[in-house]
Amino acid sequence: MSSEELAPLASRLGGTIAAGPRTTVLSVPPDRVVEACIGVSSLPGWYHLSTITGMDLGQDIAILYHFWQGKRFVQVRTQVPKAAPRLRSISGDVAAGVIYEAEIQDVLGVAFEGNPFLGKRLILPDAYPPDAPPPLQKGTDPHKIKKMMELE
Amino acid sequence: MQYSTEGMMPFGPVHPSLKEPEYFKLYLEGEKIVHVEPRIGYVHRGIERAAQERTWIKNIYLFERICGICSFHHSIAYTEGVEVLAPFEIPKRAKYLRELVAELERIHSHLLWLGLLGHWAGFDTLFMWIWKDREHVLDLEEAISGNRVNKSYTTLGGVRNDIPDGLADKIRTEMAYIEKRVEYYKSLVQSEETLVVRTKGRGRINQDIARKLCPVGPLLRCTGIARDVRAEDPYSSYGDVPPQVQTSNDGDIASLMTLRLNELTDSCRMVKETLEKMPAGPYRVNFPRSVPAGEASFHVEAPRGELFYFVKSAGGSTPERVKVRTSTLANILTATEMLKGHALADVPVVLTGMDPCFGCMDRISVVDVDKSKEWTVGGESLRRYGIEYYRRK
Amino acid sequence: MLLVTGVANPMMRERLRTVYEQMPEPRHVVAIGACALGGGVMKDCYSAGSGIDSIVPVDLYIPGCPPRPEAIIYGILKLVTGIPDPVPDGEAIVK
């Protein structure tokens with residue numbers, strides 16, 4: 001999937017393209033992410049959503065949608081402010097995303113509106129303290145969490 | 001559609017015969033499953049977070065313990081991902097050695113699965129035979145690396161040790177043995193009625209479902225789609241010793257059996273070919289303590305399918321972020337589709353058919369929608385129920 | 001006899017306790033593997049326990065990551081036969 005093939009999609013969505021040795025990154029604003037994923041998954045050929053990664057960048061949380069196009073990774077990338085971590089779910093259009101979004105909901109506290117697991121836990125234990133910050137956010141101390149769950 | 005949760009049958013997460021704990025809520029209408037809700041997390045430990053506080057090398061020991069069965073694939077996905085990030089070129093011999101052990105791991109994993117399938121279908125003799133054969137492979141892995149699982153064989157910059165001199169011949173002998181046994185099992189699964197009845201037509205998926213839900217590995221290939229990371233995005237020495245990508249067409253558990261048996265034969269071929277073509281040279285070079293800033297996505301074809309790692313470095317001696325997406329997590333949605341329309345008696349075989357590894361991912365609960373009844377079923381009871389159900393038929 | 005492997009994470013904790021309480025006496029618990037012993041390599045993971053002996057009383061610890069099958073058999077035999085083990089006997093059992 002070359003940068004040229006992605007260029008029309010990028011300009012339509014107000015995004016930018018960065019091509020690395022193995023990955024082409026399409027960065028878009030958060031409200032265009034669903035369209036970007038639909039766009040990438042409808043390009044000719046077989047698409048495969050490998051996973052969705054969340055990363056705490058400090059003030060923002062980056063969400064990376066990793067698509068494998070058969071020869072390169074195409075990564076749709078956006079970020080949301082930590083103070084308001086909300087995104088629309090892609091699971092209505094790219095069904096495979098539902099599990100990966102649910103995982104990010106648990107570990108980073110991002111809410112994917114429309115995801116059937118919103119409000120429910122997929123992987124975090126029930127005993128995870130509701131007032132504790134999500135485990136993969138910077139500043140969350142795993143030892144404190146363990147103490148709160150009486151594991152130490 | 002909302003289903004009442006009153007007729008709930010929690011199955012698991014701990015039962016004398018459940019290999020790993022998980023929890024699926026099955027909604028039944030009459031005898032048929034109409035809806036499935038997974039709740040995983042029974043082995044969620046917090047590894048991604050712990051990885052941020054360990055050095056690059058120490059993380060190998062952490063990640064390979066995510067799963068005992070595909071442990072080596074976790075370690076090569078991580079080490080090769082970091083080596084791509086650095087970037088760092090390892091000696092050719094090391095790449096071949098990695099492929100050798102990776103294929104040995106695939107062999108032991110598929111054998112494990114087939115034995116388990118036999119056990120769940122009520123064919124314990126098959127289970128015992130196959131697991132005895134599997135011991136041959138585990139002994140090889142131990143001779144190469146010092147441990148049967150969690151081998152810590154790979155390391156940043158190569159592998160930890162070379163194969164000892166006499167071992168190459170032993171490997172060839174054992175591969176010949178395994179190939180012979182696999183041919184026998186191939187004829188057995190076609191003819192043995194216990195297996196055929198429990199697996200033909202069960203858990204059927206097709207290419208449309210695969211396109212929508214993005215499963216990986218044999219679950220994808222049993223619908224006829226020939227996609228394998230080793231062929232599409234070769235790592236280690238798979239560019240020189242590629243797989244012959246196997247597919248089967250019916251999308252059911254019987255297809256999965258045939259497919260995995262063919263993959264076994266192919267893996268034996270690859271082990272022998274890797275030995276033949278292995279170049280001389282060093283097996284390891286020193287890797288720097290810190291990794292330059294950057295990100296890399298990397299995937300390998302673990303026995304259950306694509307295993308994906310995303311690694312980010314901030315330039316230090318510990319990673320800033322490592323994201324692991326295991327094959328079984330990618331297959332959960334497809335597994336829930338596979339279960340729909342089946343009777344409770346089919347659940348053990350269909351669920352085993354997707355080759356779940358919950359240590360990789362992270363119990364079954366049944367809801368009877370009509371009767372609004374709630375009851376608990378143990379794994380062993382469900383297995384026996386399945387066997388009795390088919391005996392009566 | 002209850003064989004326990006792995007860290008007991010919070011989801012498994014109550015289940016482990018329940019299964020133990022459902023066992024009729026005489027009952028024994030065997031902790032197998034470094035994680036069940038004391039958390040193993042996962043000790044500082046936020047959702048991993050620090051050994052199952054804080055959840056159920058343990059009669060036998062079998063170390064290893066993973067313990068070899070021979071070690072598991074040896075340990076369980078020792079528990080079942082209950083005699084103190086001078087080393088020569090141990091080697092005979094393993095062989």
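Residue numbering restarts at 1 for every chain, and letters A, B, ... go by the order of the sequence lines.
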Would the B/Y309 and B/F63 ring centres measure less than 6.0 Å apart? yes

Given side chains that start at C-beta, do those of B/R98 and B/K95 come closer than 4.5 Å, heavy atoms only? no

Side chain from CB out, backbone as N, CA, C, O: work out which of these in B/P215 comes under 4.5 Å of a heavy atom of chain A, or both, or neither. backbone

Check the pair A/H48, B/E306 against side-chain hydrogen bond (donor to acceptor under 3.5 Å, both in side chains), reporting the backbone distance first and the verdict last. CA-CA 11 Å; A/H48 173 71; B/E306 181 200 30; 2.7 Å; yes

Can you check whether A/S89's main-chain N or O pairs, donor with acceptor, with A/N115's side chain at less than 3.5 Å? no

Ring centroids only, cut at 6.0 angstrom: are B/F308 and A/F73 within range, meaning strictly under it? yes

Salt-bridge criterion met for B/E301 and B/R221 (N-O under 4.0 Å): yes

Side chain / backbone / both / neither for A/P135 at chain B, heavy atoms under 4.5 Å: backbone

Highest number of heavy-atom pairs under 4.5 Å with chain B: which of A/T23, A/I99, A/L64? A/I99

Between chain B and each of A/L124, A/T140, A/V94, count heavy-atom pairs under 4.5 Å; write down the option with the most. A/L124

Can you tell which part of B/K323 gets under 4.5 Å to a heavy atom of chain A, answering side chain, backbone, both or neither? side chain

Which one wins on heavy-atom pair count under 4.5 Å against chain B: A/K120, A/R121, A/Q75? A/R121

So for B/R49, is it side chain, backbone, both, or neither that comes closer than 4.5 Å to the heavy atoms of chain A? both

Under 4.5 Å, counting heavy-atom pairs only, tell me which of B/E53, B/E295, B/E48, B/Q52 racks up the most with chain A. B/E295

With chain A as the partner chain, list the residues of residues 227-236 of chain B whose heavy atoms fall under 4.5 Å from it, by residue number, and write 'none' if nothing qualifies. B/R227, B/E232, B/D233

Do A/T24 and A/R72 pair up side chain to side chain, a donor and an acceptor below 3.5 Å, judged on atom types alone? yes

Does the distance from a Lys or Arg side-chain N to an Asp or Glu carboxylate O, for A/D56 and A/K82, drop under 4.0 Å? yes

State the CG-OG1 distance between B/L213 and B/T336, to the nearest 0.5 angstrom. 7.0 Å

Could you work out, with ring-ring contact (aromatic ring centres under 6.0 Å, His included) as the rule, every residue matching B/F310, not counting sequence neighbours? A/H66

Going by an N to O cut-off under 4.0 Å, is there a salt bridge joining B/K312 and B/E320? yes

Please state whether the side chain, the backbone, both or neither of A/L57 comes within less than 4.5 Å of a heavy atom of chain B. side chain

Side chain / backbone / both / neither for A/D126 at chain B, heavy atoms under 4.5 Å: both

